[in-house]
Engineer: 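Have a look at this one.
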Protein chains: 2
Amino acid sequence: MLSRRQLLILQAIVDDYVQTAEPIGSRSMSKREDISFSPATIRNEMADLEEMGYIIKPHSSAGRIPSNKGYRLYVDHLLRPEPLQEHEILDMEKFFTRRISEVEAVMRKTAAVLSELTSYVSVVLGPEMEHTRLKQLQMLPLSGRQAIAILVTDSGHVENRTFDIPEQMNASDLEKVVNILNEQLVDTPIGQWEERLLTETRRLLHRHVRHYEDMFGVLRDAFKTQRSDQVFYGGMMNLMMQPEFQDVDRVRMIFEWLDRSENVHTLLSRTQEGLSVRIGRENDIEAFADLSMITATYSIDGSTVGSLGVIGPTRMEYERVIRLIRQFATGLSTSLTRKYRHDK
Amino acid sequence: MLSRRQLLILQAIVDDYVQTAEPIGSRSMSKREDISFSPATIRNEMADLEEMGYIIKPHSSAGRIPSNKGYRLYVDHLLRPEPLQEHEILDMEKFFTRRISEVEAVMRKTAAVLSELTSYVSVVLGPEMEHTRLKQLQMLPLSGRQAIAILVTDSGHVENRTFDIPEQMNASDLEKVVNILNEQLVDTPIGQWEERLLTETRRLLHRHVRHYEDMFGVLRDAFKTQRSDQVFYGGMMNLMMQPEFQDVDRVRMIFEWLDRSENVHTLLSRTQEGLSVRIGRENDIEAFADLSMITATYSIDGSTVGSLGVIGPTRMEYERVIRLIRQFATGLSTSLTRKYRHDK
DNA sequence: TGTTAGCACTCAAGATTAACGAGTGCTAAT
DNA sequence: ATTAGCACTCGTTAATCTTGAGTGCTAACA
């Protein structure tokens with residue numbers, strides 16, 4: 001177990017290093033106001049801390065920097081984030097009540113502001129729609145051969161998509177298609193659509209509708225890509241301001257990884273409920289060797305539907321970011337809950 | 001006027017430099033197969049070319065690299081791009097006929113593939129909708145207080161947007177609103193909507209509809225953001241592979257500029273019809289000092305509606321990029337034209 | 001007269017060395 | 001248990017040297 005003094009020293013190392021990005025030496029630390037021991041004492045304690053793996057020397061005659069284990073201890077035991085202040089919650093209220101009705105716009109804005117405030121990279125995962133069920137499907141023929149399909153889910157979410165009606169199909173065919181689809185898909189969770197479409201629905205369409213094959217292709221395309229589980233990014237450029245990312249190749253590798261949104265998607269979606277901090281290699285991702293990620297989940301009516309995160313160097317201002325992410329997660333939750341509850 | 005030999009040498013310098021990114025010396029050039037003179041002769045010619053401003057020495061004992069003026073000459077007189085091959089056009093046909101009905105998806109894909117093939121940065125500007133006119137406006141009330149507005153333009157483009165119906169409004173109010181909007185806005189070019197909305201339409205709504213103010217706010221929001229003039233990016237990371245962009249700050253500045261899509265939007269939209277090449281400072285943008293941009297416009301039914309471009313170092317493979325961009329521009333044009341003509 | 005060989009000169013880049021200093025570990029004194 | 005003292009380490013910076021690719025100029029040559 002670590003002594004009170006060792007904890008104090010570790011804390012000082014992390015705090016200083018987060019600010020300066022320079023290794024901390026015993027001499028300079030002894031000058032801090034909250035430290036009252038001599039450099040030699042500090043050196044002894046540091047040697048112990050190093051032996052236990054909480055801090056590291058970049059080279060034998062340098063000061064110490066926190067190891068990942070050190071950051072972990074810091075986050076788990078030395079941070080005692082105060083609950084959100086009244087006014088912080090109010091700020092978020094204000095931010096989210098500006099009635100932007102499109103969910104997509106809210107997400108985009110959230111990512112932008114979150115990265116702006118933290119000055120790290122932010123990622124926001126749109127609300128998960130796997131478990132919502134179809135409530136109503138409408139198709140609206142437009143001029144020419146286009147039509148628009150409108151999907152309303154039981155959570156009040158509306159998705160719409162335009163598509164081309166296959167050449168040989170007439171109005172009554174279309175109507176049949178809509179009827180069959182409604183019959184088949186209403187009350188089916190979105191996650192099961194694909195399977196449903198490919199089996200029963202397909203058989204039914206085959207039996208009752210001419211040229212069903214053409215239609216089927218179109219339908220699959222239209223329904224497959226759920227726009228909802230998009231990933232929104234903010235503040236990529238902030239990464240390039242950090243002194244530890246002055247190497248273009250390094251940055252490029254990270255960006256390339258982030259650029260594949262499926263990467264970020266899986267990373268974010270397997271995050272645990274509530275708030276989580278993953279430091280460096282804890283993410284076991286090659287590109288994340290010296291990056292940390294703080295994530296939080298947001299919910300509608302109490303059930304988790306999505307998550308958002310901040311990605312920065314392991315040398316990150318954990319306390320501040322945790323605070324901000326909390327704010328945004330609760331803000332997003334209340335805002336979405338209000339929106340959807342209101343609509344029911 | 002430049003002699004045949006001078007042109008040959010200039011061409012050799014550009015070609016070599018584009019490949020290697022290293023200054024070209026007289027010695028190494030004399031070893032090229034297509035060059036038959038001695039280093040000394042080449043030196044003399046180079047001295048003349050330099051005096052005329054076509055090439056530059058990075059420092060007094062280095063080889064030569066093309067100046068912007070040199071690139072300009074190269075592009076204008078030394079490139080004689082052959083017309084597109086049959087099979088190249090066919091490739092594009094194939095690429096664009098995969099029936100992706102959403103225009104947005106086409107644009108996104110175009111940007112991705114264009115950057116992939118060129119290995120530079122690509123930007124694609126969605127089709128301009130300023131001059132299209134509204135053909136039909138529908139509103140479809142959904143469950144709860146949501147409704148969906150569907151706009152069909154005379155070019156066959158469909159845009160739709162969900163919004164919240166203000167609390168105190170009932171079905172007949174909504175119907176009135178739709179009628180008034182249709183009356184007012186059908187056949188009005190999109191560019192004039194905002195003005196129209198703010199003047200006459202507003203008055204009419206005021207006279208005939210209760211609670212018009214709430215509704216009006218919603219309408220403005222919904223109609224203002226035309227999703228159509230979005231900018232789509234591809235291959236940002238490619239920039240970081242170029243040897244001239246190994247400085248993170250430099251890259252960050254460029255990215256920050258590109259990140260503001262309004263920048264790119266104005267840059268692209270004021271591009272001249274057909275194909276254009278702008279080299280380095282010709283773009284008069286601080287961040288573009290050593291970047292070149294090649295743009296082309298695409299059209300629907302012969303009238304220009306948008307543009308796409310490739311951004312890379314001034315040391316760019318102009319010939320190859322011009323070729324590719326031509327391909328994509330014509331491909332996009334025929335594809336969009338087919339789509340919209342078909343729908344009328 | 002245009003081309004080329006020869007040669008002195010330039011200058012960026014890389015290697016070598018030296019001085020510096022912030023930092024350490026260890027020992028002995030407090 | 002703490003701290004002063006001291007020898008030692010090693011990255012950083014600046015100074016110096018070497019190398020080599022490249023130049024411009026002059027004089028010889030076809």
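Throughout, a chain's letter reflects where its sequence line sits, starting with A, and its residues are numbered from 1. Please read all numbers here as calculations on a predicted model, not as lab measurements.
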Engineer: Round to the nearest Å and state the distance from Ile13(A) atom CD1 to dG23(C) atom P.
Structural biologist: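 About 12 Å, once rounded to whole Å.
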Engineer: N/O contacts under 3.5 Å, protein versus nucleotides 14-21 of chain D?
Structural biologist:
none

Engineer: Which atom names give the shortest non-hydrogen contact between Gln272(B) and Leu275(B), and what distance separates them?
Structural biologist: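 Heavy-atom minimum between the residues: NE2-O, 4.3 Å.
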Engineer: Round to the nearest Å and state the distance from Ile42(B) atom CD1 to dG22(D) atom P.
Structural biologist: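 It is 12 Å, rounded to the nearest whole Å.
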Engineer: Answer with base, sugar-phosphate or nothing: what part of the nucleic acid does Ser60(B) contact at a heavy-atom distance below 4.0 Å?
Structural biologist: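 Since only primed, P, OP1 and OP2 atoms lie under 4.0 Å of Ser60(B), the category is sugar-phosphate.
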Engineer: Is the count of non-hydrogen atoms from other residues, nucleotides or ligands lying under 6.0 Å from Glu244(A) atom CD greater than 12?
Structural biologist: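 Count over threshold, so yes.
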Engineer: Tell me the interatomic distance from Glu45(B), atom CD, to dG22(D), atom P, rounded to whole angstroms.
Structural biologist: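 Distance check: Glu45(B) CD to dG22(D) P gives 19 Å.
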Engineer: According to the ring-ring contact (aromatic ring centres under 6.0 Å, His included) rule, which pairs have a member within residues 240-281 of chain B, sequence neighbours left out?
Structural biologist: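 Passing the test, one end in residues 240-281 of chain B: Trp257(B)-Phe288(B).
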Engineer: Would you sort out whether Tyr54(B) and Gln6(B) count as a side-chain contact (heavy atoms from CB on, under 4.5 Å), showing the intermediate values?
Structural biologist: CA-CA 10 Å; Tyr54(B) 293 111; Gln6(B) 284 171 326; over 6 Å; no
Engineer: Rounded to whole angstroms, how far apart are CG on Asp16(B) and C1' on dG22(D)?
Structural biologist: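 Computing the Asp16(B):CG to dG22(D):C1' distance gives 15 Å.
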Engineer: dT3(D), dT3(C), dA12(C): which one has an atom nearest the side-chain heavy atoms of His59(B)?
Structural biologist: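 Closest nucleotide among those given: dA12(C).
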Engineer: What does Ala40(B) touch in the nucleic acid at a heavy-atom separation under 4.0 angstrom: a base, only the sugar-phosphate, or nothing?
Structural biologist: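 Result for Ala40(B) = base.
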Engineer: Rounded to the nearest angstrom, tell me the gap between atom CD in Glu22(B) and atom C1' in dG22(D).
Structural biologist: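 That distance rounds to 13 Å.
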Engineer: In whole Å, I'd like the distance from the CG atom of Leu49(A) to the P atom of dT24(C).
Structural biologist: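 Whole-Å distance recorded here is 12 Å.
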Engineer: OP1 or OP2 of dG25(C) versus the side-chain N and O atoms of Lys57(A): is any pair under 4.0 Å?
Structural biologist: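 Affirmative; the distance criterion is met.
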Engineer: Taking the nucleotide of DNA chain C with the nearest heavy atom to each, does Ile24(A) or Ser38(B) sit closer to the 5' end?
Structural biologist: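 Its nearest nucleotide being more 5', the pick is Ser38(B).
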Engineer: By nearest atom, which of the nucleotides dC7(C), dC10(D), dC6(D) is closest to the Arg43(A) side chain?
Structural biologist: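 Selected nucleotide: dC6(D).
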Engineer: To the side chain of Arg64(A), which of dG23(C), dG24(D), dG25(C) is closest?
Structural biologist: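 Selected nucleotide (nearest to the side chain): dG25(C).
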Engineer: In whole angstrom, what separates Arg5(B)'s CZ from dG2(C)'s P?
Structural biologist: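 Taking CZ of Arg5(B) and P of dG2(C), I get 10 Å after rounding.
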Engineer: Taking for each residue the nucleotide of DNA chain C with the nearest heavy atom, is it Ser36(B) or Ser28(A) whose nucleotide lies nearer the 5' end?
Structural biologist: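 Counting from the 5' end, the first nearest nucleotide belongs to Ser36(B).
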Engineer: Only counting residues at least two apart or in another chain, list the ones meeting ring-ring contact (aromatic ring centres under 6.0 Å, His included) with Tyr74(A).
Structural biologist: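 ring-ring contact (aromatic ring centres under 6.0 Å, His included) check on Tyr74(A) returns nothing, list empty.
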Engineer: Given Thr295(B) and Thr271(B), is the side-chain hydrogen bond (donor to acceptor under 3.5 Å, both in side chains) satisfied, shown in steps?
Structural biologist: CA-CA 7 Å; Thr295(B) 57; Thr271(B) 206; 2.7 Å; yes
Engineer: Rounded off to whole Å, could you give me the CG-to-P distance for the Asn44(A) and dT27(C) pair?
Structural biologist: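 Roughly 12 Å, once rounded to whole Å.
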Engineer: Write down the atom of Asp284(A), the atom of Arg270(A), and the distance for their closest heavy-atom approach.
Structural biologist: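 Looking at all heavy atoms of both residues, the shortest contact is OD1-NH2, 4.4 Å.
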